[in-house]
Amino acid sequence: MMRSLYAGVSGLQNHQTRMDVIGNNIANVNTYGFKRGRVDFQDMISQQLSGAAKPTEEKGGVNPKEVGLGMSVAAIDTIFNQGNLQSTGVATDVAIQGNGFFVMQSGEKTYYTRAGNFGLDMNGTLVNPANGMRVQGWMAQNVNGEQIVTTSASPTDLVIPVGSKDPAHATENVDFMCNLNKNTPEILEGASRADIIKGTWSTEFKIYDSFGNDHNLSVSFARVAGEPNVWEATVLVDPTKDEEGNLVDTTETRVGIGNTDGAATTFRVQFDNTGTLQRAYDPNGGETNPTGQVVLQASFNVPDANADADGNPARQTLNINLGTIGSQKNTITQSAASSSTKAFYQDGYTMGYLDSYKIDSSGTITGVYSNGTNRTIGQIALATFANQGGLEKAGDNTFVESNNSGLANVGPSGIAGKGSILAGALEMSNVDLSEQMTDMIVTQRGFQGNAKTIQTADTLLETVLGLKR
């Protein structure tokens, strides 16, 4: 009789534990990144009244007689099912679609979380503004002019330097992709000014010096008389016009193949009968290889720049890429169609400031500058575990490693089972309120049933005590 009392007590205690977990789940139904708990029950040891007996020739086997001594909590599991994603439109809000945790640092201790409601502190560090924990990742390093993220290095704090400067960069490369009209008239010796203008196709393109000042790169193409499929190009930087309307070189522009030493302002290009670029060469001698990229060098005096050690004006050199010999893709061509001479790319820019930033699905943070350039700032790290159910909750929506979780596998998203990152969104709690309310009813009935067991056992004891009057 006393066994039923203690069985009922164990039922009361453990159903109360289950109710505690359900209450915590419901309390966190709107907590970002929260993962619900689940209580698993198991029966306790049973008292054996008699053991089992195997069959004999005279009698069959006999089953054991056992009385259970109640129940206990087998486990309280954390269920890591994916929560719904809610769009917020906030640039620093990030959610994980799939496996993984954000890595957070507080002092020397590392935490892990699914809640991506981040922000910036006064130093531009990406943090959880509620508790100051710093988001971990990898900052980009400048390698030969490119911003490279090395994800094999140890994660560090992520800093987004809003308002920082992007220094001016002088133009080093200009790419042409154009067509020269085969039917453009040749410019004969002694041609009039009107005929020269009619037979010349010109393009202008903005380039930059090391100060960030813009300059006008002018390239004029004219057919060479008596030489089929040959055009002469004149390259000038910041030209002016004289009284007759002719372009005047004001910056001592030079263009050449390989270098600009002793070169003039002109070069020639030759096409085959299909209008495909065949070669480019210096009218005074020297030419490119018959295969590969056609790259010419141009140089000019930079105004208001310090002279060199010999007192010569400072000069800027840039490459003019005409395309690939034998190809018509992204290459200068000659066809019986309207001329469309144009430069479509140059890599110079003026100084700018970091205006905004964006985060892509790989967790890469890209800065957008006022001069139109984009720069990789860093990348957010994710961590996975062999047994994420073994993590211990540490409060503030965070987890820490335990003896049974395994070590954190830290790396970029999309690799080794890690999920993708969605910016401008947050992961909601994975608590299903209707399921929790149902579990609450079941738990309540279980608690009531165990209480009734204790009541009934007490009534039986009272009857026993009343046997002797």
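Because only heavy atoms are used, hydrogens play no part in the values below, and waters and symmetry mates are left out as well, while side chains stay in.
Every ring pair (Phe, Tyr, Trp, His ring centres under 6.0 Å) that Phe80 has, sequence neighbours left out, goes to Phe101, Phe399. With sequence neighbours excluded, the residues that form a salt bridge (charged side-chain N to carboxylate O under 4.0 Å, His left out) with Asp166 are Arg375. Checked against side chain to side chain donor-acceptor pair (under 3.5 Å), Thr31 has the following partners two or more places apart in sequence or in another chain: Asn28. Considering only residues two or more places apart in sequence or on other chains, Phe118 meets the ring pair (Phe, Tyr, Trp, His ring centres under 6.0 Å) condition with Phe102.
Counting only residues at least two apart or on different chains, the side chain to side chain donor-acceptor pair (under 3.5 Å) pairs with a member in residues 125-141 are Arg134-Asp157, Gln136-Asp157. Evaluation of the salt bridge (Lys or Arg N to Asp or Glu O under 4.0 Å) test over residues 75-93, restricted to residues two or more places apart or in two chains, returns Arg38-Asp77.
In this structure a side-chain-to-backbone donor-acceptor pair under 3.5 Å is missing from Ser210 to Ala170. Remark: the backbone N or O of Thr253 is not paired with any side-chain donor or acceptor of Thr265 at under 3.5 angstrom. In this structure a side-chain-to-backbone donor-acceptor pair under 3.5 Å is missing from Asn330 to Met177. Asn397 places no side-chain N or O within donor-acceptor distance of the main-chain N or O of Thr113, the cut-off being under 3.5 Å. With hydrogens and angles disregarded, a donor-acceptor distance shorter than 3.5 Å links the side chain of Glu401 to the backbone of Ala408.
Annotation: the span from Asp214 atom CG to Lys206 atom NZ amounts to 4.5 Å, rounded to 0.5 Å. The distance from the OG1 atom of Thr438 to the CG atom of Leu433 is 9.5 Å, given to the nearest 0.5 Å. To the nearest 0.5 angstrom, Thr331 atom OG1 is 9.0 Å from Leu322 atom CG. Rounding to the nearest 0.5 Å places OG1 of Thr384 at 4.0 Å from CG of Asn409. Atom CZ of residue Arg254 and atom CG of residue Asn301 lie 8.5 Å apart, to the nearest 0.5 angstrom.
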Fill in: Test log, rule ring-ring contact (aromatic ring centres under 6.0 Å, His included), inputs Tyr349 and Tyr369
CA-CA 11 Å; Tyr349 46 84; Tyr369 291 82; 8.9 Å; no

Worksheet entry | Verdict with supporting geometry, Asn430 and Asn81, side-chain hydrogen bond (donor to acceptor under 3.5 Å, both in side chains) | CA-CA 7 Å; Asn430 67 351; Asn81 292 342; 5.7 Å; no

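If you check the side chains of Ser402 and Asn404, you find no donor sitting under 3.5 Å from an acceptor. Between the side chains of Thr398 and Asp396, no donor-acceptor pair is found at a separation under 3.5 Å. With hydrogens and angles left out, the side-chain atoms of Ser420 and Gln97 include no donor and acceptor closer than 3.5 Å. When only modelled atom types and interatomic distance are considered, Asn179 and Thr333 share a side-chain donor-acceptor pair under 3.5 Å. Side-chain contact of Gln316 with Asp209: a donor-acceptor pair under 3.5 Å is absent, judged by distance alone. Using a 3.5 Å distance cut-off with no hydrogens or angles, the side chains of Thr150 and Ser152 do not pair a donor with an acceptor. For the residue pair Ser202/Ser220, the side-chain donor-acceptor check at 3.5 Å is satisfied.
Contact detail for Phe211 and Pro303: the closest heavy-atom pair is CE1-O, 4.5 Å. Heavy atoms only, all atoms of each residue included: Ile365 and Ile160 are closest at CG2-CD1, 4.0 Å.
Shown are Thr184, Asn229, Asp272; of these, the side-chain hydrogen bond (donor to acceptor under 3.5 Å, both in side chains) with Gln334 is made only by Asn229.
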